[in-house]
Amino acid sequence: MNYVIYDFETTAKEAKYAHPIQFAAVLADENFNILETFNERCRLRDGAVPDPKSLLITKATIDSLKNEQSYYEFMRKVYTKLQSWSPAIFFGYNNIMFDDEVLRQNFYQTLLNPYLNTTNENTRIDLWKVVVALAPLGLDIIDIPKDEKGKNLTGLEGLSKKNNIKHESAHDALSDVKATLELAKIIQTKEPIFWENCLKARSPKTLSEFLPTDEYFYRAPQARSSIKYIPVSFITANPNKEKELAFFNLTTNNYEKEIEKRSSAIASIIKKKTIIIEKSHRFPILLSHDYFKSTNLYNDTKNNISYKEIAEKIRSSENFIENVKQSLVDQWEEFETSRQQTEILPLEEQIYGSMPLSRDDKEIINEFNNSTDPFVKLKTSKHINDTRYKHHANRILYEEYSTELTDIEKKKYQKSLAERVLTDEKDDKGKWISKWMTIPKAKEKIESLKDDKEYQKETDYIKQIENHILSEEKKYKKYLGN
């Protein structure tokens with residue numbers, strides 16, 4: 001199967017509120033030969049305030065933030081291209097925690113399928129997780145740099161330099177994509193069995209097919225600072241959420257005592273990692289018992305009892321398995337209840353929090369997206385029942401087809417945008433309440449950057465950012481009639 005390697009450059013570190021300004025991707029065959037390249041930029045939406053520090057990292061020009069193609073046009077191009085490259089294995093570098101969330105969030109905000117890269121035979125991996133899994137194995141595959149304390153450094157820029165990978169411009173999306181591809185190619189070429197083991201976790205379906213093939217597995221470390229593989233045995237999935245999987249830590253002392261516990265006590269042994277919870281859609285790397293024998297970390301006993309024997313006892317303990325299932329169900333129901341009782345979340349955070357779109361809404365949204373007639377878009381938007389998607393449709397109309405709106409409708413929308421970005425509320429501890437970037441937050445950040453020794457050579461660019469923020473502030477105050 002082909003690979004799609006991609007990367008975003010954005011205006012913020014928080015994925016839910018990160019506005020994309022560049023998207024690059026390559027389509028590669030199974031041997032990482034590039035078949036096609038895609039690279040696009042966009043301007044900021046009205047109401048999007050960039051994080052000044054993020055701009056210092058990406059070095060985006062102020063002109064590009066204002067004068068590139070529209071956000072809506074950009075996201076539709078991204079969607080069309082990725083759809084044409086499907087099915088494929090999608091990945092980037094640290095994409096599951098960031099780029100995938102940015103992709104999902106911005107497809108959601110443009111009325112497109114948020115789950116494009118995990119549906120219709122598309123799957124995903126994360127090369128950062130592969131590198132973290134590879135680091136402790138002692139295999140001569142890639143050279144991983146270390147800090148002064150001897151801890152692994154897994155940043156893409158440092159890895160590229162250490163492994164003689166051409167990386168012309170770090171934090172340029174296309175340059176990052178090509179460096180990611182070359183790093184993956186080295187790993188796959190030098191250790192294809194390890195690479196194939198990692199690919200077993202690329203989707204809930206492939207992982208579910210992999211789990212019955214071995215009596216126990218070695219769970220890869222989850223952070224760059226960790227060098228510990230943990231032998232684990234699969235217990236069960238959450239009956240109410242099949243992507244939530246429970247594994248038993250086979251290094252547990254007194255495991256016989258633990259498997260006798262009632263469902264009410266299972267939560268406590270989850271907290272102390274006797275039971276390890278994995279999300280099958282988050283690419284949890286599990287190496288097979290047979291493959292792990294080839295590494296210098298291999299061990300198959302605990303207190304002279306084989307992991308195989310412990311795993312067999314776990315599988316045969318029906319009461320324990322049922323108690324784990326019940327505990328997972330109880331915790332999930334408690335979580336759902338507490339979530340329903342919380343105050344209304346910002347629109348960005350409602351992506352996972354409501355019922356799926358109805359069939360009627362899907363048909364209306366398809367009509368909205370497929371039409372090039374502004375009048376049809378305006379008409380269909382009024383029939384969307386889901387309040388989230390109705391809001392997104394209205395924002396698209398405001399940004400792309402404002403001539404179809406009345407002056408009253410435009411001013412109402414401008415007022416709501418201005419109120420959002422000019423808010424200056426802080427809590428009792430002096431922390432900003434809004435999770436998105438606002439004008440007051442940006443101004444405060446600019447002042448701190450001026451005093452930061454790391455950015456003393458960036459004074460001209462910081463001044464450009466400041467002038468942009470001040471200009472935007474005037475615009476939003478004008479929206480409020482000030």
Side-chain angles (χ1 to χ4, degrees), residues 1-9 20 22-40 77-104 107 113-134 141-142 154 156-157 159-160 163 165-168 170 172-207 209-210 220 280-287:
M1 184 174 282
N2 288 338
Y3 295 102
V4 172
I5 304 98
Y6 79 94
D7 183 61
F8 274 107
E9 296 303 331
Q22 183 190 9
F23 177 89
V26 297
L27 176 68
D29 67 17
E30 59 185 10
N31 296 313
F32 290 108
N33 299 303
I34 295 177
L35 305 174
E36 193 175 345
T37 300
F38 179 82
N39 188 18
E40 295 283 340
K77 282 183 180 179
V78 170
Y79 188 86
T80 300
K81 179 56 66 177
L82 296 186
Q83 194 175 45
S84 74
W85 286 352
S86 300
I89 299 172
F90 285 71
F91 73 95
Y93 203 80
N94 198 26
N95 54 289
I96 285 181
M97 295 306 294
F98 187 76
D99 298 273
D100 282 20
E101 289 298 320
V102 174
L103 187 76
R104 189 164 290 179
F107 283 160
N113 173 21
Y115 305 102
L116 180 145
N117 67 332
T118 55
T119 55
N120 298 322
E121 297 184 56
N122 287 319
T123 57
R124 66 177 184 172
I125 64 173
D126 186 332
L127 193 64
W128 178 82
K129 285 195 169 190
V130 174
V131 169
V132 169
L134 182 63
I141 300 175
I142 59 171
T154 55
L156 181 60
E157 188 175 1
L159 281 165
S160 297
N163 291 277
I165 294 171
K166 189 176 181 181
H167 197 178
E168 294 177 342
D172 170 80
L174 186 56
S175 181
D176 287 352
V177 163
K178 290 182 176 179
T180 300
L181 179 146
E182 291 301 324
L183 187 61
K185 187 174 183 178
I186 292 171
I187 297 170
Q188 184 211 44
T189 301
K190 288 189 174 182
E191 192 65 19
I193 299 176
F194 170 77
W195 182 260
E196 288 302 317
N197 255 256
C198 292
L199 291 186
K200 301 291 186 183
R202 68 185 183 272
S203 73
K205 181 177 182 290
T206 57
L207 185 58
E209 292 169 349
F210 181 49
S280 63
H281 61 297
R282 292 286 190 180
F283 188 52
I285 295 176
L286 301 167
L287 299 186

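Looking at residues two or more places apart in sequence or on another chain, you find a ring pair (Phe, Tyr, Trp, His ring centres under 6.0 Å) between Y6 and F23. The salt bridge (Lys or Arg N to Asp or Glu O under 4.0 Å) test applied to E157 returns no partner, not counting sequence neighbours. Looking at residues two or more places apart in sequence or on another chain, you find no salt bridge (Lys or Arg N to Asp or Glu O under 4.0 Å) involving D99.
Counting heavy-atom neighbours within 6.0 Å of E121 CD, excluding the residue itself, gives a total of 12 or less. Counting non-hydrogen atoms of other residues, nucleotides and ligands closer than 6.0 Å to CD1 of I34 gives a total above 12. Around CG of N120, the count of heavy atoms belonging to other residues, nucleotides or ligands within 6.0 Å does not exceed 12.
When all heavy atoms of N31 and K185 are compared, the closest pair comes out as O-CE, 3.8 Å. The minimum heavy-atom distance between I285 and A133, with the atom names listed, is CD1-CB, 3.9 Å. Nearest heavy atoms, M97 versus D126: N-OD2, 4.5 Å. Here the shortest heavy-atom pairing between R104 and N117 reads NH2-OD1, 4.1 Å. The two residues P284 and S280 have their closest heavy-atom pair at CD-O, 3.9 Å.
From S86, atom OG reaches atom NZ of K81 across 11.5 Å, with rounding to the nearest 0.5 Å. Atom-to-atom distance recorded for M1:CE and R202:CZ is 6.5 Å, nearest 0.5 angstrom. Interatomic distance, CG of N94 versus CG of L156, reported as 10.5 Å (0.5 Å rounding). Here the straight-line distance linking atom CD of E30 with atom CG of N2 works out to 8.0 Å at 0.5 Å rounding. Note: I5 CD1 to F91 CZ = 4.0 Å, rounded to the nearest 0.5 Å. From E182, atom CD reaches atom OG of S160 across 9.5 Å, with rounding to the nearest 0.5 Å.
Side-chain contact between S203 and H281: absent, with no pair of heavy atoms (C-beta onward) separated by less than 4.5 Å. Between F283 and L207 there is no side-chain heavy-atom pair separated by less than 4.5 Å. Contact of the F38 side chain with the K77 side chain is registered, since non-hydrogen atoms from C-beta on lie closer than 4.5 Å. Within the 4.5 Å cutoff, the side chain of F8 has no heavy atoms near those of the Q22 side chain. Looking at C198 and I125, their side chains never come closer than 4.5 Å, going by heavy atoms from C-beta outward. Under the 4.5 Å side-chain criterion, counting only non-hydrogen atoms from C-beta, V4 is not in contact with I89. When side chains are defined from C-beta on, V130 counts as touching F194, because their heavy atoms get closer than 4.5 Å. Annotation: side chain of L199 is not in contact with side chain of T123 (no heavy-atom distance under 4.5 Å).
D172 places a side-chain N or O within 3.5 Å of a backbone atom of L174 that can act as its donor or acceptor partner. Of the possible polar contacts, none joining the N33 side chain to the D29 backbone as a donor-acceptor pair under 3.5 Å is found.
Ionic pairing of K205 and E209 is present here: one or more N-O contacts between side-chain nitrogen and carboxylate oxygen are shorter than 4.0 angstrom.
In summary, the side chains of N95 and D100 do present a donor paired with an acceptor at a separation below 3.5 Å, with no hydrogens or angles considered.
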